[in-house]
**Q** 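Starting off with a structure, shown below.
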Amino acid sequence: MEYKFTSANFEEEVLNSEIPVLVDFYADWCGPCKMMAPIVESLAESFDGKVKVGKLNIDEEMDIAQKYRVMSIPTFIVFKGGQALETSVGAMSKDDLEKKLQKVL
């Protein structure tokens, strides 16, 4: 299941999560973000129950994007135990993104 993260649920769903979380910082107008969408969706299914995978729209949730210094999109941040462990910027292969998730399991 792919989550939608917002300012209202970010603390509960991401920072207080019992399992690692991958947050895809994106915007609707971003070409590379659209290209990554099916990959993120696929990872959400294959890691269901092991890693929360979701998206955060930077245009709607600017406060969170600024807090984590998201300057370019797509940006992927892996959180574990309330901490941002790894940040990746730009489109990447499914294998590369999957490896980043495997590292935190």
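Below, all heavy atoms of this structure are taken into account, side chains as well, without hydrogens, waters or symmetry copies.
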**Q** Test side chain to side chain contact (heavy atoms under 4.5 Å, CB included) on L43 and E98 and set out the steps.
**A** CA-CA 7 Å; L43 290 174; E98 205 166 315; 3.8 Å; yes

**Q** For the residue pair F25 and V70, establish whether any side-chain heavy-atom pair is separated by less than 4.5 Å.
**A**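 In short, these two side chains touch, coming nearer than 4.5 Å.
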
**Q** With a 4.5 Å heavy-atom cut-off, do L97 and L22 have their side chains touching?
**A**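 Yes, their side chains come closer than 4.5 Å.
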
**Q** Could you list all the disulfide (SG to SG under 2.5 Å) pairs where at least one residue sits in residues 58-105, not counting sequence neighbours?
**A**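 Listed by first then second residue: nothing to list.
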
**Q** Pairs of donor and acceptor atoms involving the side chains of residues 54-61, under 3.5 Å and at least two apart or interchain, shall be tabulated with distances.
**A**
unit_1 : atom_1 : unit_2 : atom_2 : d
K55    : NZ     : D24    : OD2    : 2.8
N57    : OD1    : D59    : N      : 2.8
N57    : OD1    : E60    : N      : 3.4
D59    : OD2    : W29    : NE1    : 2.7
E60    : OE1    : K4     : NZ     : 3.3
E61    : OE1    : S7     : N      : 2.9
E61    : OE1    : S7     : OG     : 2.7

**Q** Looking at E11, I want to see if its CD is surrounded by more than 12 non-hydrogen atoms of other residues, nucleotides or ligands under 6.0 Å.
**A**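 Atom CD in E11 is not packed in, count stays at 12 or less.
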
**Q** Check whether I73 and I64 end up in the same hydrophobic cluster, where Ile, Leu, Val, Met, Phe, Trp and Tyr are linked by side-chain heavy atoms less than 4.5 Å apart.
**A**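 Result: yes, single cluster for both.
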
**Q** Out of curiosity, does V53 fall in the hydrophobic cluster containing V104 (side-chain heavy atoms, cut-off under 4.5 Å, transitive links)?
**A**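 Yes, one cluster joins them.
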
**Q** Scan for side chain to side chain donor-acceptor pair (under 3.5 Å) pairs involving residues 31-51, sequence neighbours excluded, and state none if there are none.
**A**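 Listed once each, the pairs are S42-K94.
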
**Q** Under the side chain to side chain donor-acceptor pair (under 3.5 Å) rule, collect the residues that match up with S72, sequence neighbours excluded.
**A**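 Counting only residues at least two positions away or on another chain, S72 forms no side chain to side chain donor-acceptor pair (under 3.5 Å).
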
**Q** Just jot down the side chain to side chain contact (heavy atoms under 4.5 Å, CB included) partners of N9, sequence neighbours excluded, or say none.
**A**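 So N9 forms a side chain to side chain contact (heavy atoms under 4.5 Å, CB included) with F5, T6, E13.
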
**Q** Which pairs, with at least one residue in residues 30-63 and sequence neighbours excluded, count as a disulfide (SG to SG under 2.5 Å)?
**A**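 Disulfide (SG to SG under 2.5 Å) check on residues 30-63 returns C30-C33.
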
**Q** Sorted by first residue and then second, give each ring pair (Phe, Tyr, Trp, His ring centres under 6.0 Å) pair with at least one member in residues 31-57; sequence neighbours left out.
**A**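 Of all non-adjacent pairs touching residues 31-57, none passes ring pair (Phe, Tyr, Trp, His ring centres under 6.0 Å).
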
**Q** Which pairs, with at least one residue in residues 67-79 and sequence neighbours excluded, count as a salt bridge (Lys or Arg N to Asp or Glu O under 4.0 Å)?
**A**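 Salt bridge (Lys or Arg N to Asp or Glu O under 4.0 Å) check on residues 67-79 returns no pairs.
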
**Q** If hydrophobic clusters are built from ILVMFWY residues whose side chains come within less than 4.5 Å, do V23 and M62 share one?
**A**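 Different clusters.
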
**Q** What pairs meet the ring pair (Phe, Tyr, Trp, His ring centres under 6.0 Å) rule with one or both residues in residues 67-105, with sequence neighbours excluded?
**A**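 The answer is F10-Y68, F10-F79, Y68-F79.
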
**Q** Which distance, rounded to the nearest 0.5 Å, do you find between the CD of Q66 and the CE of M71?
**A**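 If I round to the nearest 0.5 Å, the distance is 8.5 Å.
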
**Q** Give a yes or no on whether L15 and I77 share a hydrophobic cluster (residues Ile, Leu, Val, Met, Phe, Trp, Tyr; joining criterion: side-chain heavy atoms under 4.5 Å apart).
**A**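 Yes, same cluster.
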
**Q** Can you pull out every side chain to side chain donor-acceptor pair (under 3.5 Å) where at least one residue sits in residues 73-85? Sequence neighbours excluded, please.
**A**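 Every candidate side chain to side chain donor-acceptor pair (under 3.5 Å) pair involving residues 73-85 fails, so no pair, neighbours aside, qualifies.
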
**Q** Test of understanding: with side chain to side chain donor-acceptor pair (under 3.5 Å), list the residues that count as partners of N16, not counting sequence neighbours.
**A**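 In terms of side chain to side chain donor-acceptor pair (under 3.5 Å), with neighbours along the sequence ignored, N16 is linked to no residue.
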
**Q** Any side-chain heavy atom of P20 sitting closer than 4.5 Å to one from L105?
**A**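 With C-beta onward as the side chain, the pair touches.
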
**Q** For a 4.5 angstrom cut-off between non-hydrogen side-chain atoms, does V21 reach V51?
**A**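 No, their side chains stay 4.5 Å or more apart.
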
**Q** Mind checking side chain to side chain contact (heavy atoms under 4.5 Å, CB included) for I19 and listing every partner two or more places apart, or none if nothing turns up?
**A**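 Residues passing side chain to side chain contact (heavy atoms under 4.5 Å, CB included) with I19: S17, K52.
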
